[in-house]
Amino acid sequence: MSSTLLEVTRASHEEVERLERLIVKDLQAEPPSNKDRLYQSHRVRNMIEQITSTTHKLIEIYEDKDNARKDEIAALGGQSSTSANVNVFSAFYDRLKEIREYHRRHPAARYVDTTDEYEQLLKEEPIIEFTGEEAFGRYLDLHELYNDYINSKFGKQIEYSAYLDIFSEPDTIPHKLKLTRQYREYTQKLLEYLIYFFERTEPLQDLERIFSKVNTEFEEQWSNGLVEGWGNESQENGNVPQQDAVIDLDYYGTVEELIEVGPEKLKEALATLGLKTGGTVKQRAERLFLTKHTPLEKLDRKHFVKGSRVPAQNGNGVAQKPSEDAKEIALIEAKMKKLCELLHEATEDIIPFRNTDFLLSGFLILQTIVRTKENIVKKHALTYDEIVQEREEDEAQPESESDDEDQQIYNPLKLPMGWDGKPIPYWLYKLHGLGQEFKCEICGNHSYWGRRAYERHFKEWRHQHGMRCLGIPNTKNFNEITSIEEAKQLWERIQEKQGVNKWRPDLEEEYEDLEGNIYNKKTYTDLQRQGLI
C-alpha cells in the first residue's frame with residue numbers, strides 16, 4: 001500500500017506537519033536548567049533535519065523526472081502510457097484486487113496511530129559529547145590550545161586564566177609571526193574548536209548564514225585595506241608593503257652604504273621579500289643589495305627562506321605579491337572574532353528580548369568566556385576532593401537558569417556577599433569587623449567597612465587621587481590621616497622641619513649686574529670674586 005508514490009507523498013506531508021507541531025509544542029515548554037535547554041535544542045535540531053530530508057524527497061517526487069507519478073495519476077483515471085484505451089472499471093477492479101491480495105498476505109496489518117511514537121521524541125535525551133572541563137557546555141576547554149600557544153614562537157609564558165583574556169585578540173601578535181605555518185595551524189585548530197563548541201551549545205544557530213555575512217564584510221574590508229592588523233597586506237593591488245620595512249636601494253651605491261641602515265632594518269626588509277634574515281650585518285646587506293639589479297624570480301633559491309614563495313618584483317622597492325596565505329589567516333581570525341563575540345554577548349542587553357531566537361541564544365550563553373575564567377580562578381582555591389564533590393552536586397542538582405534564579409536572597413542582616421553569591425556567615429562578619437565603619441574625608445567621605453579595608457584604602461586610587469588634589473604626596477607619614485585639615489597641618493610641619501619655608505638669602509636674595517642680568521646672592525658673589533663682573 002505504502003509503495004505507491006501518491007501514498008508516499010501523502011505520508012511525507014503528514015510527517016512534516018506532525019514534526020512541525022512537535023517543534024512548536026517542545027519550544028513552548030520552558031526548560032528548567034541548562035542541561036534541559038541543550039536537550040530541547042538538539043531535539044528541535046534533529047526534527048528540523050528530518051523535515052529537511054523529507055522535503056527533499058518530496059521535491060524529487062514532484063519533479064517526476066522518470067514520469068512515475070504522472071503514470072500513477074493517469075492509471076487512477078483509467079489511462080496508461082502504454083495503452084490509450086483502458087477500461088476505468090477494469091483498472092478499478094485491478095486495484096481492488098491488489099488491495100485484497102495485500103491484506104491476505106498481511107492479515108495482522110492494522111492502522112497504527114503514530115502519535116504516541118512521535119510524542120516519545122519530546123522525552124528523548126540526545127547524546128551530546130562534552131569533556132569534564134566543559135561541564136555540559138557551561139565552560140570552554142582550551143587547555144590543549146593553551147599548551148600550543150605557550151610552546152610557540154608567537155606565544156608568551158602566561159597563566160591559563162590570562163590566556164582566556166587574550167586568545168580572542170589575535171591583533172596583539174606581531175604581523176610577521178602570523179605568516180608562519182605554526183600560527184596558521186593554531187588558528188585553524190582554535191576556530192574548529194569554537195565552531196564545534198558552538199554547534200553543541202547552540203544547535204539552532206545557523207553558522208553558515210553567520211559566516212557568509214562575515215565573508216562578505218571581510219572581502220569588502222580586505223579590498224579597501226581596512227582589515228584590522230592586516231592593513232598593509234590588503235591594499236587595492238596587494239603590493240603595498242609595510243612602510244617601516246621599505247628600503248629604496250636607488251639611494252645606495254655600495255654594500256657599505258647599505259650597512260649603515262642597521263641590522264634590524266635590513267632584517268625587516270629581507271623578511272618582507274621572503275629572503276633569509278640570518279648572518280652578519282654585512283651578509284644581510286649583500287643579500288639585499290643583490291635585489292637592486294636582479295629580479296627576485298631570477299635569484300638563487302638558496303637566498304630564500306625554505307617554503308617561501310618567490311615574489312615577482314625586484315628589490316628597488318621592497319614589495320611583494322598579495323599573499324593568499326595572509327588573506328586566509330585574516331579570514332580565520334575574522335571568523336574566530338565573530339564566534340568570540342557571540343560567546344561574549346552581554347546579558348543585560350538581551351534579557352528584555354528573550355523571546356527572539358538569536359538574542360535568546362546570547363542570553364543563555366551567559367558570557368561563556370567570562371564564566372570559564374571565573375571557574376578557573378575558583379578551582380585554584382579548591383582541593384581535588386572539593387572539586388569532585390562540587391561536580392557531583394552539579395550533576396545531582398543541575399543549576400537552574402530559569403526566572404526562579406532571580407528571586408531575592410533573604411539577607412536581613414545586610415551581610416556582604418561571598419564568592420558563591422550568598423551572604424557570608426555571621427561569625428566571619430564579626431571576625432573581620434565588617435560592621436565597623438570608617439569614613440575618609442580625603443576620599444570624599446567614602447565609607448570603608450572593616451579595619452582591613454580601611455588600612456588597605458590608603459594605597460588605593462581613591463585616596464591617592466584625593467591627596468593629589470590637595471597637592472600633598474601620599475607617603476607613609478600620612479597613614480591613618482583621613483581629615484583634610486589634619487593632612488594640611490602635617491604637611492606644613494614637614495615643610496618647616498625640612499626648611500622649605502625658611503628665608504635663605506644665599507638662594508633667594510637677588511642681585512643685578514651692569515648689563516641687567518639677575519643672579520642670586522651666592523652666584524653673584526662667586527662671579528665677583530673671579531673678576532667676571
Side-chain angles (χ1 to χ4, degrees), residues 145 148-149 152-155 166-196 198-199 206-247 267-277 291 295-297 299 301 304-344:
L145 292 159
D148 293 341
Y149 177 82
S152 63
K153 293 182 179 179
F154 58 84
I166 66 170
F167 84 92
S168 58
E169 302 173 358
D171 301 331
T172 58
I173 298 174
H175 180 271
K176 59 184 179 180
L177 295 178
K178 290 184 178 181
L179 299 176
T180 60
R181 186 179 65 179
Q182 189 180 33
Y183 179 76
R184 180 178 178 178
E185 292 175 352
Y186 164 77
T187 52
Q188 286 177 339
K189 286 176 64 178
L190 180 56
L191 179 62
E192 288 173 1
Y193 173 77
L194 291 176
I195 292 174
Y196 182 51
F198 200 76
E199 287 175 345
D206 189 358
L207 277 178
E208 291 184 4
R209 179 176 59 84
I210 295 173
F211 282 156
S212 64
K213 186 178 179 181
V214 172
N215 289 336
T216 304
E217 295 176 354
F218 173 80
E219 290 294 340
E220 182 180 352
Q221 292 177 354
W222 182 266
S223 60
N224 296 327
L226 300 177
V227 179
E228 188 176 357
W230 296 89
N232 294 324
E233 281 284 335
S234 54
Q235 298 295 333
E236 290 180 3
N237 56 4
N239 294 331
V240 180
Q242 296 182 12
Q243 295 299 323
D244 295 339
V246 172
I247 297 178
K267 184 176 180 180
E268 291 178 4
L270 290 169
T272 308
L273 284 171
L275 298 172
K276 292 181 178 179
T277 58
T291 63
L296 290 175
E297 63 268 16
L299 278 179
R301 289 293 303 172
F304 291 92
V305 179
K306 185 181 295 185
S308 66
R309 300 177 181 178
V310 181
Q313 295 197 3
N314 57 14
N316 288 339
V318 179
Q320 56 186 143
K321 293 183 69 176
S323 173
E324 291 299 325
D325 291 341
K327 184 177 180 181
E328 185 178 349
I329 294 172
L331 180 58
I332 292 174
E333 289 182 354
K335 292 180 179 179
M336 188 174 66
K337 288 179 182 178
K338 183 62 179 178
L339 288 176
C340 291
E341 287 176 9
L342 294 176
L343 294 174
H344 262 308

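Values in this document were obtained by computation on a predicted structure and should not be read as measured data. No hydrogens, no waters, no symmetry mates; every other heavy atom, side chains included, goes into these values.
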Minimum heavy-atom distance between [X] and [Y], given as atom pair plus value:
X      : Y      : answer
Phe154 : Tyr183 : CE2-CA, 3.5 Å
Ser152 : Gly155 : OG-N, 3.2 Å
Leu339 : Leu207 : CD2-CD2, 3.8 Å

Should the heavy atoms of other residues, nucleotides or ligands under 6.0 Å from CD of Gln188 be counted, would the total exceed 12?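 Yes, because the 6.0 Å sphere around CD of Gln188 holds more than 12 heavy atoms from other groups.
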
If you round to the nearest 0.5 Å, how far is [atom2] of [Y] from [atom1] of [X]?
X      : Y      : atom1 : atom2 : answer
Ile173 : Tyr186 : CD1   : OH    : 6.5 Å
Glu185 : Ile329 : CD    : CD1   : 10.5 Å
Glu192 : Ile332 : CD    : CD1   : 8.5 Å
Thr187 : Glu328 : OG1   : CD    : 8.5 Å

Taking the side chain as C-beta and beyond, is there a heavy-atom pair between [X] and [Y] under 4.5 Å?
X      : Y      : answer
Met336 : Ser168 : no
Ile166 : Tyr149 : yes
Phe167 : Leu145 : no
Leu190 : Asp148 : no

Taking the basic N atoms (NZ, or NE/NH1/NH2) and the acidic carboxylate oxygens, is any pair closer than 4.0 Å for Glu169 and Lys337?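 A salt bridge is absent here (no side-chain N lies under 4.0 Å from a carboxylate O).
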
Can Lys327 and Glu219 be counted as an ion pair, charged N to O under 4.0 angstrom?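 Here Lys327 pairs with Glu219 in a salt bridge, since their nearest N and O are under 4.0 Å apart.
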
Kindly confirm or rule out a cation-pi arrangement of Lys335 over Phe211, judged by NZ or CZ under 6.0 Å from the six-membered ring centre and within 45° of its axis?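 Yes.
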
